[in-house]
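Below, chain A is the first sequence line, B the second, and so on; all start at residue 1. Heavy-atom basis, side chains included; hydrogens, waters and symmetry copies ignored.
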2 protein chains.
Amino acid sequence: MNSAAAASIFPRMTWRKALPAANSVPAPVDIEEIRAHVPVVQRKLAAGQYLYRAGQSFNALYLVNVGFLKTCLVAEDGREQVTGFRMRGDLVGIESIGAATHDCDVVALETSGVWELPYPAILRACAHVPELQQRLTWALAAEIRSDRCWKLALGSFSAEQRVAAFLLDLASRHEALGFSPRHFVLRMGRADIGSFLALKHETVTRALTRLAAQGCIEVQWREIRILDAAALGAVICCEDRAA
Amino acid sequence: MNSAAAASIFPRMTWRKALPAANSVPAPVDIEEIRAHVPVVQRKLAAGQYLYRAGQSFNALYLVNVGFLKTCLVAEDGREQVTGFRMRGDLVGIESIGAATHDCDVVALETSGVWELPYPAILRACAHVPELQQRLTWALAAEIRSDRCWKLALGSFSAEQRVAAFLLDLASRHEALGFSPRHFVLRMGRADIGSFLALKHETVTRALTRLAAQGCIEVQWREIRILDAAALGAVICCEDRAA
DNA sequence: GACAATATGTAACGGTCTGTAACAGCAGGG
DNA sequence: CCCTGCTGTTACAGACCGTTACATATTGTC
């Protein structure tokens, strides 16, 4: 996703001004380009299946082809924190580069398919193809920027604002993939959204209800319809919204 | 800093078990190694002076030599979020790689000195020295892991636990640099700590007061003395602490 | 040394979010 | 069909933190 694309359908996405940078991975990764240099293995995952778990040794990166996954950081005392959601085009596992083992779980939230990119092969390819190396570096840096952006949001936004930002972010990412940004299905439960946004699942429910009551969105189970993106953005920016 | 070193002086640093991975940059960067390949410029900063500001074009990385700096993400509406504190050995600016401009401010909190590493030169050097490239990649990935770790903390810790974790993190980093981990000076104000931990400065004050009342620490202005690191760790892990 | 500006400490109050609980909708299995 | 389990919704009580206000301490400047 890049923010320019997002701006096209959400003309007055004022909330993006409230967050300094794009929220997702702006560095596009082309699977065909990689395939030219790296032996790529396909891998299918059923809903609920783990791509990998914390503690497993790190030996490959993954590029999501279809489906939807969540990444969870798991503490030894059992506390769990959803660190992000991954969809088509997103790289998974890059944060484990340089570490012996993964420190997070990656779970498919629906039937998903990923390309497995063995890391040693990636390394060799990067040595010969500087552009590939650069793409990887950019993806890492973009990930940092995205995380920081959310940290700003979690540090200064109310529950309602966080949920609104979350919905707009999902919408942009859907749009970047060619899907409708105004109508999509939440693949994750309220508890996962809450974990990602540092809220409880009841609070997420309440926020969604309030946003729906304000006419910004329509919620039916996990189906979301964005009725007024500008109003959603205004919720975040604390501007008084025109009815 | 690496967590192994931290464990040596904080024998029962149980809170590290509560956070999955090390909190700071585990990939050590050797200035001499870089200097062999890249023209390095020294730069001095007075307290309060900006190393760079959001919006300025990105054209160099910085390695902190002496001093203490904070990095702040600044939103267009003026909200500010401290994203981290940087001390000797830390790389500054890597999150802007691949972007045209910086999206955060970096401010010196005391008189500081940094090595300026022009990015084009870094790029050329990385092309010839794979190890350098790998160090950079590792630093980026470690930064992501560190950020995620703090996200877990902010998402599930109380105010008191966050402050305790913050102090222990600072202590480890001081120790990794050869300074005493039991006695150090906070270079930043309560407001900065609060911003980093998603708290208000009064709350930081209250937490410090409570921790001092429990006998974990001694606070005198910005001077911190850690009396009982194990108790501090226990505060985080929600275990009932032995008096 | 005196003053202003900034940073910090303390307290009371109120709001937001949390925790608990009860209930509704939906899926799977007997 | 009912039963069970899971997810989501709603209501209510309560804890924690933010807000406000003011007092005190420190720093910088004259």
Side-chain angles (χ1 to χ4, degrees), chain A residues 46-48 68 70 79-82 107 109-111 153-167 185-214 217-225 235-236 238, chain B residues 46-49 68 70 79-82 107-111 153-167 185-213 217-224 235-236 238:
Chain A
F68 205 91
K70 68 171 176 180
R79 276 175 306 109
E80 196 176 305
Q81 166 80 37
V82 174
V107 196
L109 293 174
E110 62 177 344
T111 308
L154 301 193
S156 61
F157 283 172
S158 70
E160 197 173 328
Q161 291 174 315
R162 292 182 211 179
V163 173
F166 179 73
L167 292 178
V185 174
L186 298 174
R187 311 293 179 176
M188 75 297 287
R190 303 289 192 263
D192 284 334
I193 300 175
S195 175
F196 180 72
L197 296 175
L199 299 169
K200 296 302 166 189
H201 64 96
E202 298 93 332
T203 308
V204 174
T205 292
R206 281 187 281 259
L208 285 173
T209 307
R210 275 202 304 272
L211 289 173
Q214 289 170 31
I217 58 172
E218 212 177 78
V219 184
Q220 277 185 359
W221 202 238
R222 294 193 175 185
E223 207 175 323
I224 300 285
R225 196 176 295 275
V235 165
I236 297 172
C238 298
Chain B
Q49 200 178 343
F68 205 91
K70 67 172 177 180
R79 276 176 305 111
E80 197 176 306
Q81 167 79 35
V82 174
V107 195
L109 293 174
E110 61 177 345
T111 307
L154 301 193
S156 60
F157 283 171
S158 70
E160 196 173 328
Q161 290 173 316
R162 292 182 210 179
V163 173
F166 179 73
L167 292 178
V185 175
L186 298 174
R187 311 294 178 173
M188 74 297 287
R190 304 287 192 265
D192 284 335
I193 301 175
S195 176
F196 179 73
L197 296 176
L199 299 169
K200 294 301 167 191
H201 65 96
E202 295 92 334
T203 308
V204 175
T205 293
R206 275 193 289 257
L208 285 173
T209 306
R210 274 202 304 272
L211 288 174
I217 59 172
E218 211 176 80
V219 183
Q220 277 185 359
W221 201 238
R222 294 192 174 183
E223 207 175 325
I224 300 285
V235 166
I236 297 172
C238 298

(message) I want to confirm an ordering. Mapping B:Val219 and A:Ala159 to their closest nucleotides on DNA chain C, which one lands closer to the 5' end?
(response) B:Val219
(message) Nearest 0.5 Å, please: how far is CZ in B:Arg187 from NZ in B:Lys70?
(response) 15.5 Å
Are side-chain heavy atoms of [X] and [Y] found at a separation under 4.5 Å?
{"X": "B:Leu197", "Y": "B:Thr203", "answer": "no"}
{"X": "A:Arg190", "Y": "A:Leu208", "answer": "yes"}
{"X": "B:Ile193", "Y": "B:Leu186", "answer": "yes"}

Rounded off to whole Å, could you give me the [atom1]-to-[atom2] distance for the [X] and [N] pair?
{"X": "B:Glu202", "N": "D:dT20", "atom1": "CD", "atom2": "C1'", "result": "9 Å"}
{"X": "B:Phe157", "N": "D:dC17", "atom1": "CZ", "atom2": "C1'", "result": "18 Å"}
{"X": "B:Arg187", "N": "C:dT8", "atom1": "CZ", "atom2": "P", "result": "14 Å"}
{"X": "A:Lys200", "N": "D:dA13", "atom1": "NZ", "atom2": "C1'", "result": "18 Å"}
{"X": "A:Arg206", "N": "C:dG19", "atom1": "CZ", "atom2": "P", "result": "10 Å"}
{"X": "B:Asp192", "N": "C:dA7", "atom1": "CG", "atom2": "P", "result": "9 Å"}
{"X": "A:Glu223", "N": "C:dG25", "atom1": "CD", "atom2": "C1'", "result": "15 Å"}
{"X": "A:Leu197", "N": "C:dC17", "atom1": "CG", "atom2": "P", "result": "12 Å"}

(request) Ignoring backbone atoms, establish whether A:Thr203 has a side-chain N or O less than 4.0 Å from OP1 or OP2 of C:dC17. (result)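 No, because none of the side-chain N or O atoms of A:Thr203 sits under 4.0 Å from OP1 or OP2 of C:dC17.
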(message) Below the 4.0 Å mark, does C:dT10 have OP1 or OP2 next to a side-chain nitrogen or oxygen of B:Thr209?
(response)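 Looking at the OP1 and OP2 atoms of C:dT10, one of them is under 4.0 Å from a side-chain N or O of B:Thr209.
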Protein and nucleotides 5-8 of chain D: nitrogen or oxygen contacts under 3.5 angstrom:
| residue | atom | partner | partner atom | Å |
| --- | --- | --- | --- | --- |
| D:dT7 | O3' | A:Arg222 | NH2 | 3.4 |
| D:dG8 | OP1 | A:Arg222 | NE | 2.9 |
| D:dG8 | OP1 | A:Arg222 | NH2 | 3.1 |
| D:dG8 | OP2 | A:Arg190 | N | 3.0 |

(request) Over all heavy atoms of both residues, which pair between A:Glu110 and A:Ala47 is shortest? Give the atoms and the distance, please. (result)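 For A:Glu110 versus A:Ala47, the nearest heavy atoms are CA-CB, 3.7 Å.
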(request) Could you tell me which non-hydrogen atom of A:Ala207 sits nearest to which non-hydrogen atom of A:Ala159, and how far apart they are? (result) CB-O, 4.2 Å
(request) Looking at every strand, decide which applies to A:Ala207 at a 4.0 Å heavy-atom threshold: base, sugar-phosphate, or nothing. (result)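 Nothing, no heavy atom under 4.0 Å.
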(request) Using atom types as modelled and distance alone, determine if a side-chain donor or acceptor of B:Glu223 lies under 3.5 Å from a backbone N or O of B:Gln220. (result)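 Not a single qualifying donor-acceptor pair exists.
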